Amino acid sequence: MIPDKPTIDGLEAKWISRWESDGVYRFDRDASRAEIFAIDTPPPTVSGSLHIGHVFSYTHTDTVARFQRMRGKAVFYPIGWDDNGLATERRVQNVTGVRCDPSLPHDPDFTAPYHGDVPKDHQAVPVSRPNFVELCREVTHIDEQAFEELFRRLGLSVDWTLLYTTIGERARRVSQRAFLRNLARGEAYQQDAPTMWDFHERTAVAQAEMEDREIPGAFHKIAFHRTDGAGDLVIDTTRPELLPSCVAMVAHPEDERYQPLFGTTVRTPLFGVEVPVLAHPLAEPDKGTGIAMICTFGDVTDVTWWRELSLPTRALIGFDGRFASEAPEWITTEAGRDNYAKLAGRYPKQARTAVVELLAASGEMIGEPRAITHAVKFYERGSQPLEIVGTRQWYIRNGGRDDALRRDLVARGSELTWHPDYMRHRYDNWVGGLNGDWLISRQRFFGVPIPVWYAVDADGNPDYDRVLVPAEADLPVDPSTDCPPGYEPSQRNVPGGFIADPDVMDTWATSSLTPQIAGGWEEADDAFFEQIFPYDVRPQGHDIIRTWLFATMVRSHHEHSCPPWRHAALSGWILDPDRKKMSKSKGNVVTPIGLLEQYGTDAVRYWAACGRPGVDTAFDEGQMKTGRKLANKILNSSRFALGFPEPAADAAPSAALDLAMLARLDSLIEEATTAFEGFDYARALERTESFFWWFCDDYIETVKERAYRENGGAASASAHASLRIALSALHRLFAPFMPFVADEVWSWWQEGSVHAQPWPTASRLGGDERVIDPLAEVVAAVRRAKTEAKGSQRDRVSMLEITAPSSTVELLQRVADDMKGVGSIDEIRWTASDAASQVECAVTLTAL
RNA sequence: GGGCGGUUAGCUCAGUCGGUUAGAGCACUACGUUCACACCGUAGGGGUCACAGGUUCGAAUCCUGUACCGCCCACCA
């Protein structure tokens, strides 16, 4: 039963299959709401691979899930894969040799030309959106199997029967249903407006997906010519290529240098377009020359000026990121049109070079460009700076344009209990700083289609005001192949017929609905959803508060008028030993599976659980070694303690030291329970571990002589009983952290999985902890004497003279029996002296 | 520019209500082939708790300010 040489190696395979076959983590659908603990688990992005950061944060959640399960809760602990999105599309194009052409009809017999090595000269085969999506699902399925293997190996106690994917049918149905409801209530709307645009990926990008990157650039001083002939007006710009899109000049209304010019006009260099000089408070006198050119559109300030000053639109950069191939009608001079020909069809970077050359030649650039480094907006997954182009897009109201809604959402955030609490500031900060609604449409394919069509008028033009929607019962739909209600396929794209919205939703627009997807909100019978919603906790990384957490809050606020969870539990990041974020590019990424094999899952989980909630944590293999030591110690100490005779049924702790140990154990149980209830797994572990080492090094060491005694009567029976009480509690206290070793040692002497046992409670046998410290002091003194004498700890002590205050002597005398045992002491002489401030020991070793 | 977090032993980090001599692991030194465990044990060395003021009988802990590190947001003609 108990192995002679217990080892933690190989425990994973044994227990994973046992848990699966016994259904230890299966959710009980009959549980009442009060008995349920529901977790809104993050679905990891499938297009990448799992890294050590996933191991870290998913372990945190798992410890809490295991604790709640042992507390008697039916734990709703689903798992999902976030497989919809751009990264997957790229991968699929590369491995299968296709590209998506949404205008094509679905081909049910289609097979991909390649699976893997696509020749370099291969011309991508166009496929319909449904076929493309099918391929994406095939490819991600393989990744998902690897994810599942790792998560099982990590010992996550998720209920695998609750698995979902964000591109799966359920997710599409939920996502479209929620969108249509947003639309019906006016929370979703479309608008033709300037939009942040990634021309490389050819898609619109939302505020939450943008990031700043420092790139090199240059200031260029450029002269504009006053139409009254009174000289030049000089501006400073980093984007001279936008000169042909210039619509006005702007300076601060109180800037005395430019006040006389307000209302006059200037002519743009090279292109000769007449533009007005205007005043606006957003212009800053101390930036550049104090006057700026407004272009449609160079940056977001341009958009503000354009809107507030009612300026014309002279956009030239198209969806493909190139300047329009024909000179626009607002450039009327021959010279201007000749100059424009040098930019036509070019990307901004090339156009800039061309414009700079032209300006230098014409003498309208003053001095040389001055190189600078400046922050520019990028799509976080993109490679080129974003441009601003006018497009029709779908939005969901998120408070970015509506103060009342913004206040409501901030209030929702304050209804959550945050762990750690200070993370709430990131939410408030983000919501407070929103500058527009949430742009959810993406010009991509592997996503959930926006489930609408538009009526086509008699002239063949789409009428975007006549939105055609499907019935909820027909969801999910793909407008590129399905027809709106009341129309025939033959009416697609013809006058009087309909046209599909070609876009998909932003991946966050689906993953913001994980509570609804996992909880079966779209099912006809919503009693189950009512059982688990709002969830108890959302665990996630602090870096995606602005995206995933906030987006989920927005959807829940609109749909359910409440926060989707009670608690938000944030995990930190994993930093490499140089305190930098671990990254693939640095080549310092270790594979999780390798670590699990090297140190054992329990050891890696130990390292993860040592990371405080929300705190970025260094990757530290040393902690894994410590975890391995701890797991090993649990095996060996359990084997040792269980090696003593099983106590009789009526055996009870009676020795003072045993009762003291059990009192200390009671405190530990209470502390660990409180910590876990507040999601502070790390504190629970730290306390448990610290007790455990004391238990092994001091308690067991001290009582083992008494426990070994034959015919020891009540004294040894007390030790035997106490060891087992403590062991039972410790095995359960460690179970959330080290599930494999915990179930292994539990199985040596108990029935059933430790993970299905009740969480330990205090035994309250009335022990007096005050005996522990003085005893430890005496034992340490004896050991020190032996060390100083360069002897063995087994050397006998012929006489130990103890001088201490009478109260301490009284305490020590209660444990004198154990003291003699652990110190190999023949005789103790006591001196109660209230003059002594502490315990003094004189140790006489037996002469050899 | 606004917000948040951090600064404790060589390293990684605990330190709860303000309370005795500030702790752990790793690393280091010495000792011990101990009858659960050498993936072990015992003992030891190692600290101006970032800095400066303040509150207090008492401050790593509370308050004010400063410095440095990190993150988030905003600005970026």
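Worth saying up front: this structure is predicted, and the values here are computed from it rather than measured. Just so it is clear: chains get the letters A, B, ... in the order the sequence lines come, proteins before strands, and each one is counted from 1.
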| Taking atom C1' in both B/A67 and B/A27, what distance in whole Å separates the two? | 30 Å
| query | For A/Q207 and B/A74, is the shortest distance between a side-chain N/O and OP1 or OP2 below 4.0 Å? | reply | yes
| field | Separation of the P atoms in B/U48 and B/A30, to the nearest angstrom | value | 25 Å
| said: What contact category does A/K221 fall into here, base, sugar-phosphate, or nothing, at under 4.0 angstrom with non-hydrogen atoms? | reply: nothing
| query | Would a 4.5 Å heavy-atom cut-off, applied to side chains only, mark A/R664 and A/Y699 as touching? | reply | no
| field | Whole-angstrom distance between B/U34 and B/G15, as gauged at atom P | value | 39 Å
| How is A/A682 classified with respect to the nucleic acid when contacts are heavy atoms under 4.0 Å: base, sugar-phosphate, or nothing? | nothing
| So what's B/G70 paired with, Watson-Crick or G-U wobble, going by both distances under 3.5 Å? | B/C4
| Is any side-chain nitrogen or oxygen of A/T301 closer than 4.0 Å to OP1 or OP2 of B/C76? | yes
| task | Please work out if A/D299 contacts a base, only the sugar-phosphate, or nothing of the nucleic acid, heavy-atom cut-off 4.0 Å. | result | sugar-phosphate
| message | Less than 4.0 angstrom between a side-chain N/O of A/K629 and OP1 or OP2 of B/A24, yes or no? | response | no
| query | Within the structure shown, what part of the strands sits under 4.0 Å from A/E671 by heavy-atom distance: base, sugar-phosphate, or nothing? | reply | base
| query | Using the P atom in both, what is the distance from B/G3 to B/U8, to the nearest Å? | reply | 25 Å
| query | Is any side-chain nitrogen or oxygen of A/K786 closer than 4.0 Å to OP1 or OP2 of B/U34? | reply | no
| field | Residue A/E254 excluded, over 12 heavy atoms near CD under 6.0 Å | value | no
| With syn defined as a glycosidic torsion within 90 degrees of 0 and anti otherwise, which applies to B/C73? | anti
| said: As a test of reading the structure: which of B/C76, B/C37, B/A14 is closest to the side chain of A/N636, going by heavy atoms? | reply: B/C37
| Looking for any heavy atom pair under 4.0 Å, which part of the strands does A/D620 touch: base, sugar-phosphate only, or nothing? | sugar-phosphate
| task | For A/C696, report the nucleic acid contact type (base, sugar-phosphate, nothing); a contact means any heavy atom under 4.0 Å. | result | base
| Considering every strand shown, what is the Watson-Crick or G-U wobble mate of B/U29 when both distances are under 3.5 Å? | B/A43
| Using a cut-off of 4.0 Å on non-hydrogen atoms, how would the nucleic acid contact of A/E686 be classed: base, sugar-phosphate, or nothing? | sugar-phosphate
| Hey, does A/V778 have a side-chain heavy atom less than 4.5 Å from the side chain of A/L800? | yes
| request: With P as the reference atom in both, quote the distance from B/C28 to B/G23 in angstrom, rounded to an integer. | output: 23 Å
| Side-chain N or O of A/R784 closer than 4.0 Å to phosphate OP1/OP2 of B/U42 | no
| said: Please determine whether the number of non-hydrogen atoms from other residues, nucleotides or ligands lying under 6.0 Å from atom CD of A/E368 exceeds 12. | reply: no
| field | Separation of the P atoms in B/C11 and B/C49, to the nearest angstrom | value | 16 Å
| Side chain of A/A780 - closest among B/U34, B/C73, B/A43 | B/A43
| message | Applying a 4.0 Å non-hydrogen cut-off, can you work out what A/L282 is touching in the nucleic acid: base, sugar-phosphate, or nothing? | response | base
| said: Heavy atoms only, 4.0 Å cut-off, all strands: where does A/R783 land among base, sugar-phosphate and nothing? | reply: sugar-phosphate
| G-U wobble or Watson-Crick pairing nucleotide for B/U12 (cut-off 3.5 Å, both distances) | B/A24
| request: Determine the Euclidean distance between corresponding P atoms of B/G70 and B/C13; express it in Å to zero decimal places. | output: 15 Å
| request: Under 4.0 Å between any heavy atoms, over every strand shown, what does A/S637 touch: base, sugar-phosphate, or nothing? Just pick one. | output: base
| request: Indicate, yes or no, whether a donor-acceptor pair under 3.5 Å links the base of B/C76 to the side chain of A/D212. | output: yes
| request: When you get a sec, tell me which of B/A14, B/U42, B/C75 is the closest nucleotide to the side chain of A/A375? | output: B/C75
| request: State whether A/E744 and A/R639 are salt-bridged, where the test is any N-O pair (Lys NZ or Arg NE/NH1/NH2 against Asp/Glu carboxylate O) under 4.0 Å. | output: no
| Nucleotide paired to B/C62 in any strand shown, Watson-Crick or G-U, under 3.5 Å | B/G54
| request: Could you walk me through whether A/Y379 and A/Q384 pass the side-chain hydrogen bond (donor to acceptor under 3.5 Å, both in side chains) test, one step at a time? | output: CA-CA 8 Å; A/Y379 172 40; A/Q384 297 293 323; over 6 Å; no
| said: Tell me whether the side-chain N or O atoms of A/R687 pair up with the base of B/U16 as donor and acceptor below 3.5 Å, since no angle test is needed here. | reply: yes
| field | Pair A/R706 + A/D658, salt bridge at N-O below 4.0 Å | value | yes
| At under 4.0 Å between heavy atoms, what does A/R612 touch on the DNA or RNA strands: base, sugar-phosphate, or nothing? | sugar-phosphate
| request: Write down the distance separating the C1' atoms in B/A14 and B/A24, rounded off to the nearest Å. | output: 7 Å
